[in-house]
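Worksheet for the structure shown next.
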Amino acid sequence: MSPDKFTNVYRLPGSIQVRIAKWQATFRGTSDLVLHKALTERNKQYSNRDFLPKGWCLVPFANDDISITHHGRYIQTTILTMQDRKVAYKRIYLSRLPLEQAEPALLAFKQEWMGKYNRVVKRYNQIKKKEFLNLAREELETLYPSIPKGEFDKELWNRLVLSELGPAKKYSNPYFVKKADI
């Protein structure tokens, strides 16, 4: 990592600028004192409850995100498996269940899955944000970049799924849905 590249901090010819999404602040000068002031302000923004560091945290699903697509002989929705978060599809073939029953059943399935998924996402984000803030504080103390690019931590995710939802053997599907099982 370059000694000059801090996350969300940009060195301009005569100043230092902090940009996080739509928020920004400019500090005149380029000395270490100005850099310390900029990093302090940046860390205040990072501490905001609504801030989720990109690449470090996951975005929870909302009811507006539910989409059920019709494909003639079946309807389906996209879901992530609880173990390893792999993309998968939940399908209901209309030869087995009429559309009037299949659509509400698939919707109930997705809503139960979302509740469990979001519960794990919340814990994951708490842990990753705490780790991120510790690295940001380290940057402030040392004035040296120490926040690496964020990546999904599959081991942490799988541990949290096990602690929050229990072992996979308890469930008949990889989505950990029990009540609305179809």
Side-chain angles (χ1 to χ4, degrees), residues 1-12 15-27 30-67 77-90 110-168 174-177:
M1 191 177 270
S2 164
D4 205 23
K5 289 300 237 173
F6 289 90
T7 306
N8 299 110
V9 175
Y10 303 92
R11 287 189 186 263
L12 303 175
S15 60
I16 295 177
Q17 191 173 61
V18 180
R19 289 181 285 202
I20 302 172
K22 293 180 180 179
W23 179 88
Q24 71 177 24
T26 305
F27 301 87
T30 57
S31 69
D32 284 349
L33 287 172
V34 175
L35 178 61
H36 187 273
K37 201 187 271 184
L39 290 174
T40 302
E41 192 60 38
R42 178 201 68 176
N43 289 357
K44 282 182 190 173
Q45 294 297 314
Y46 283 169
S47 298
N48 186 346
R49 289 185 83 221
D50 298 333
F51 176 75
L52 294 175
K54 196 171 188 125
W56 284 76
C57 292
L58 303 172
V59 179
F61 282 97
N63 275 337
D64 300 344
D65 298 335
I66 296 177
S67 69
T77 187
T78 307
I79 292 183
L80 300 171
T81 60
M82 283 298 181
Q83 293 290 334
D84 301 337
R85 286 185 71 239
K86 293 182 180 173
V87 175
Y89 301 97
K90 181 65 180 169
K110 180 94 177 217
Q111 286 175 330
E112 184 181 341
W113 171 83
M114 270 188 349
K116 292 180 178 197
Y117 177 83
N118 286 345
R119 199 166 94 197
V120 178
V121 164
K122 184 178 177 186
R123 288 277 300 127
Y124 180 88
N125 286 349
Q126 287 171 345
I127 292 168
K128 293 303 276 185
K129 186 170 181 180
K130 187 176 181 181
E131 186 181 323
F132 182 82
L133 290 174
N134 285 337
L135 291 169
R137 276 191 285 280
E138 182 183 318
E139 280 188 351
L140 181 63
E141 292 169 5
T142 62
L143 294 183
Y144 189 80
S146 60
I147 300 177
K149 185 174 182 250
E151 293 179 359
F152 175 65
D153 188 348
K154 188 171 23 173
E155 286 78 29
L156 172 63
W157 176 265
N158 289 338
R159 276 196 322 267
L160 289 172
V161 166
L162 184 64
S163 71
E164 289 285 320
L165 306 175
Y175 318 111
F176 286 44
V177 174

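Only a predicted model underlies this, so the values are computations on that prediction, with no experimental measurement involved.
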If every non-hydrogen atom of Ala38 is compared with every non-hydrogen atom of Val18, which pair is closest and at what distance? O-CG2, 3.6 Å
Below 4.5 Å, heavy atoms only, C-beta onward: do Leu35 and Val9 meet side chain to side chain? yes
What pair of heavy atoms forms the shortest contact from Thr30 to Ile16, and how long is it? CA-CD1, 4.2 Å
Set of residues satisfying side-chain contact (heavy atoms from CB on, under 4.5 Å) with respect to Asn63, sequence neighbours excluded: Ile66, Gln111, Met114
Main chain of Phe61, side chain of Asn118: is a donor-acceptor contact present, judged purely on distance under 3.5 Å? yes
Does Asn48 use its side chain to pair, donor to acceptor, with the backbone of Asp50 at less than 3.5 Å? yes
Measure from the ring center of Phe132 to the ring center of Trp56 and say whether it is less than 6.0 Å. yes
The reported gap from CG in Leu160 to CZ in Arg119 (rounded to nearest 0.5 angstrom) is 11.0 Å
Measure the NZ-OH distance between Lys90 and Tyr175 for me, rounded to the nearest 0.5 Å. 6.5 Å
Calculate, to the nearest 0.5 Å, the distance between atoms OH and CG belonging to Tyr117 and Leu80 respectively. 5.0 Å
Those residues that, when tested against Phe27, pass ring-ring contact (aromatic ring centres under 6.0 Å, His included) (two or more places apart): none
Any residue meeting side-chain contact (heavy atoms from CB on, under 4.5 Å) with Glu151, in chain and number order, not counting sequence neighbours: none
Please list, chain by chain and in numerical order, all residues satisfying side-chain contact (heavy atoms from CB on, under 4.5 Å) with Leu33, sequence neighbours excluded. Ser31
Report the distance from atom OH of Tyr144 to atom CD of Glu138, rounding to the nearest 0.5 Å. 11.0 Å
Qualifying residues under side-chain contact (heavy atoms from CB on, under 4.5 Å), relative to Asp153, sequence neighbours excluded: Tyr124, Lys128, Glu155, Leu156
Of all heavy-atom pairs linking Val87 and Thr78, the shortest is CG1-CG2, 3.9 Å
Heavy-atom pair of closest approach, residues Asn158 and Asp84: ND2-OD1, 2.6 Å
For residues 34-46, pull every pair meeting side chain to side chain donor-acceptor pair (under 3.5 Å), keeping only residues two or more places apart or in separate chains. Asn8-Tyr46, Arg42-Glu139
